Amino acid sequence: MEKIRIKKEKSIYSLCFFIPLIVIYCGLFILPTLISFFFSMTVWNFTSFRFVGLQNFVDFFSEHSLRIGISNTFIYAVLTCALKVILGLALAIVLTSKIRTKNLVRSIVFFPNLISTVAVGIIFSALMHPSKGLFSKVLDAIGIHGVDLLGNRSLALYSVIMVDVWKGVGVATVIYIAGILAISKDYYEAASLDGTTKLQQFAHITVPLCRPSINSVIILAFISGMRTFDLIWSMTGGGPGFATDTMASVIYKQYAAGFYGLSTAGNVIMFVLIAVIAFPLFKYLTSKELDA
Amino acid sequence: MSRKRKTILADIIVVAIALFVFGLPLYFLVINSFKTDKEARLLNISWPDKFQIAENFKQAFANQDYLIIRAFFNSVIITAFSVVGLIIVCSMAGYTIQRRNDKPVKIINAVVLAGLMIPPSILPTIWIMQSVGIYKTIPGMVIVEIALGIPFTTMLFRGYMGTVPREIEEAAMIDGCGKLRIFASIIFPLLKPITSTVTILSAINVFNDFVNPLYFLPGTKNATIQLTLYNFMGKFSNKYNLLFADIILITVPILLLFIFFNKKIVDGMAAGSVKG
């Protein structure tokens with residue numbers, strides 16, 4: 001039976017349909033990834049290269065201005081992910097309740113996604129201007145004086161994280177809404193007949209049954225947090241000092257400065273970090289999903 | 001308070017909070033693009049003393065020899081070709097991945113899925129593009145955008161194929177329809193809903209892309225709209241009215257897409273991610 005099925009599949013669905021995908025995807029995505037492992041161990045400039053072994057990685061981890069990118073990327077990815085997961089779920093709960101303006105509110109929440117990240121960065125840099133910006137004035141008015149949201153080394157990263165959440169929470173919300181709406185109303189009816197509270201329904205029906213959406217949000221938000229570049233670049237350029245440099249901005253800076261080997265090594269480190277964290281996370285989350 | 005009153009109150013509160021949090025920065029953007037240099041430099045949200053709308057937008061257009069028009073043209077070309085390319089490449093792939101279950105297909109599926117996570121290796125990509133001679137060209141940019149968009153788009157098509165019954169192809173096969181024709185004239189039209197979702201999502205993605213043009217398409221001749229905006233940011237550091245007018249100009253096309261296809265965008269995001 002199995003053999004017949006496979007034979008039939010082969011006769012209708014041709015592998016030729018993969019040719020364009022294989023050419024483009026392997027040529028400009030997979031192949032560069034493989035090559036990067038080699039060039040991360042060289043000093044190169046597109047035309048010639050010199051093999052230096054693991055020197056680039058040693059430099060990366062010993063130099064503060066490069067190493068800080070790794071920890072910042074972590075903080076950024078974890079915090080944006082956590083905030084989007086929680087706030088997105090809260091928003092989705094509100095927007096699937098009985099309120100009638102939900103379509104309007106959903107559009108409002110989603111809207112920031114349409115504006116390019118660079119534009120969002122520009123708008124918020126203006127709002128966070130140290131002396132004139134609206135945010136600074138509000139902080140001033142409630143008694144917190146002289147805060148420079150983007151110029152303060154210990155604050156700048158968190159300011160950018162807030163903006164990232166502002167822009168990205170709409171996607172999380174939309175994904176959650178779809179998940180929640182797919183849950184059959186029968187569960188809630190049965191539960192309320194048994195006299196459960198809204199909170200119990202949330203914890204024992206909504207959360208477990210929209211697990212796939214939660215997982216999607218976690219993965220999407222985490223990966224995009226790890227790769228973040230445009231927002232950082234348009235708001236702080238990695239500064240003040242190196243306080244907001246992430247892996248992606250370090251990679252760009254090294255490239256712009258002509259250190260192609262270091263830049264490629266940065267790329268490989270980012271790849272390894274994602275592989276070490278995101279792949280197991282993904283596996284773990286989806287295994288939980290099957291149990292539920 | 002009656003129940004009805006309560007829900008109305010809840011409605012008002014929710015809308016008010018949403019407008020405050022998400023609308024205020026946008027209001028700030030729009031209102032300042034209407035002001036004079038001097039007023040906009042104050043960066044506040046008060047009503048303009050003097051409106052200077054037409055002039056601001058005209059200047060934002062005319063800046064650097066109407067660079068924005070060329071950038072706009074480039075971005076539209078890149079976006080259009082990338083979207084068409086993605087649809088062709090990924091609909092075929094998604095269809096076959098969903099239908100066939102043998103080893104080569106499983107491998108392809110795994111590699112494509114891995115692409116959702118792997119960060120693109122930029123310098124080796126530039127190196128390959130240079131050796132093929134497509135670095136710093138618009139066709140090269142299009143191919144890169146397609147390559148990077150393949151994982152997500154293929155996943156969307158594969159997910160949607162799950163809702164199309166296999167019997168359709170089997171019947172067509174028995175009637176003597178060729179493999180390519182089965183796909184092109186029977187399956188592809190059935191994929192229309194997901195195709196429109198893909199169109200919109202990838203159009204927004206490519207049009208708003210900043211990182212990839214920054215690496216793969218440097219230089220003013222080929223500037224895309226987001227790079228132009230970034231350059232203006234340096235030049236107009238104290239002419240916020242023009243900078244903001246610029247942002248509005250380049251957001252309008254996406255905004256129009258959103259107004260016409262609002263439901264599609266939202267449904268598509270959900271469909272793609274829930275099925276994972």
Side-chain angles (χ1 to χ4, degrees), chain A residues 6 9 12-15 17-18 20-21 24-25 28-33 35-36 39 46 94 98-101 104-105 107-109 111-112 114-119 122-123 126-127 129 132-134 171 174-175 178-179 212-213 216 223 227 229-230 234 255 260 263-264 267 270-271 274 278, chain B residues 7 10-11 14-15 18-19 22-23 25 28-29 42-43 45 89 92-93 96 99-102 104 108 111 115 117-125 127-128 130 143-144 146-148 150 169 173 179 204 208 210-211 226 229-230 233 240 243 247 251 254-255 258 262 266 269-270 273-274 276:
Chain A
I6 288 181
E9 280 177 356
I12 307 183
Y13 313 107
S14 163
L15 284 180
F17 282 12
F18 286 123
L21 178 126
I24 296 177
Y25 184 68
L28 288 178
F29 198 141
I30 301 301
L31 190 62
T33 306
I35 296 176
S36 70
F39 281 121
F46 294 152
V94 172
K98 285 202 187 79
I99 66 162
R100 274 159 304 171
T101 43
L104 172 68
V105 177
S107 301
I108 297 175
V109 171
F111 191 80
L114 304 179
I115 311 171
S116 79
T117 315
V118 178
I122 294 173
I123 298 169
L127 285 168
H129 190 282
K132 299 178 286 189
L134 204 58
V171 175
V174 166
I175 294 172
S213 324
S216 305
I223 300 284
R227 289 182 186 180
F229 175 76
D230 6 13
S234 58
Y255 160 68
Y260 291 0
S263 175
T264 316
N267 230 322
M270 191 153 134
F271 173 83
I274 290 184
Chain B
T7 49
D11 264 335
V14 169
V15 174
L19 276 178
F22 293 98
F28 169 77
L29 169 75
L42 297 173
L43 292 176
I45 50 168
V89 172
M92 295 198 301
T96 318
R99 291 303 201 233
R100 264 178 82 145
N101 269 318
D102 53 348
I108 293 175
V111 175
M117 300 193 185
I118 299 173
S121 297
I122 290 148
L123 298 193
T125 312
W127 183 66
I128 291 177
Q130 242 175 15
I143 298 176
V144 169
I146 294 175
L148 301 183
I150 278 176
E169 296 109 74
M173 184 76 185
K179 288 175 190 175
I204 295 179
N208 280 345
F210 171 68
V211 188
Q226 302 303 329
L229 176 61
Y230 182 75
M233 182 171 97
Y240 282 101
L243 191 57
I247 293 179
T251 310
I254 297 291
L255 187 66
F258 182 69
N262 181 358
V266 172
M269 301 248 22
S273 47
V274 171

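Just so it is clear: chains get the letters A, B, ... in the order the sequence lines come, proteins before strands, and each one is counted from 1. What's counted below: heavy atoms across the whole structure, side chains too, no hydrogens, waters or symmetry copies. Please read all numbers here as calculations on a predicted model, not as lab measurements.
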When you compare the side chain of [Y] with that of [X], does any pair of heavy atoms fall below 4.5 Å?
X	Y	result
A:Ser36	B:Leu123	no
A:Leu21	B:Ile108	yes
B:Thr96	A:Ser14	no
A:Phe29	B:Ile150	no
A:Leu15	B:Pro104	yes
B:Pro25	A:Leu127	yes

Worksheet item: Pick from A:Val118, A:Ile35, A:Val105: which one has the most heavy-atom pairs with chain B under 4.5 Å?
Response: A:Val118

Worksheet item: For the candidates A:Pro112, A:Ser107, A:Gly133, which exhibits the highest count of non-hydrogen atom pairs separated by less than 4.5 Å from chain B?
Response: A:Ser107

Return yes if some donor-acceptor pair links the side-chain N/O of [X] with the main-chain N/O of [Y] below 3.5 Å, else return no.
X	Y	result
B:Arg99	A:Tyr13	no
A:Arg227	B:Ile118	yes
A:Asp230	B:Val211	no

Quick one: what part of [X] sits under 4.5 Å from any heavy atom of chain B, side chain, backbone, both or neither?
X	result
A:Ile274	side chain
A:Tyr25	both
A:Ile223	side chain
A:Phe46	both
A:Ile30	side chain
A:Phe111	side chain

How many angstroms lie between atom [atom1] of [X] and atom [atom2] of [Y], to the nearest 0.5 angstrom?
X	Y	atom1	atom2	result
A:Ile115	B:Phe258	CD1	CZ	11.0 Å
B:Phe22	A:Ile108	CZ	CD1	9.5 Å
B:Phe210	A:Thr117	CZ	OG1	9.5 Å
B:Ile204	A:Leu114	CD1	CG	5.0 Å

Fill in: Best-contacting candidate, B:Asp11, B:Val144, B:Val89, B:Thr251, against chain A by heavy atom pairs under 4.5 angstrom
B:Asp11

Worksheet item: Do you know the tightest heavy-atom contact between B:Leu229 and A:Ser116?
Response: CD2-OG, 4.1 Å

With a 4.5 angstrom heavy-atom cut-off, which part of [X] approaches chain A: side chain, backbone, both or neither?
X	answer
B:Ile122	both
B:Thr125	both
B:Ile143	both
B:Met173	side chain

Response to the item:
Sequence neighbours excluded, the answer for ring-ring contact (aromatic ring centres under 6.0 Å, His included) partners of A:Phe39 is A:Trp44, A:Phe49, B:Trp127

Response to the item:
Sequence neighbours excluded, the answer for side chain to side chain contact (heavy atoms under 4.5 Å, CB included) partners of A:Val94 is A:Ile99, B:Val14

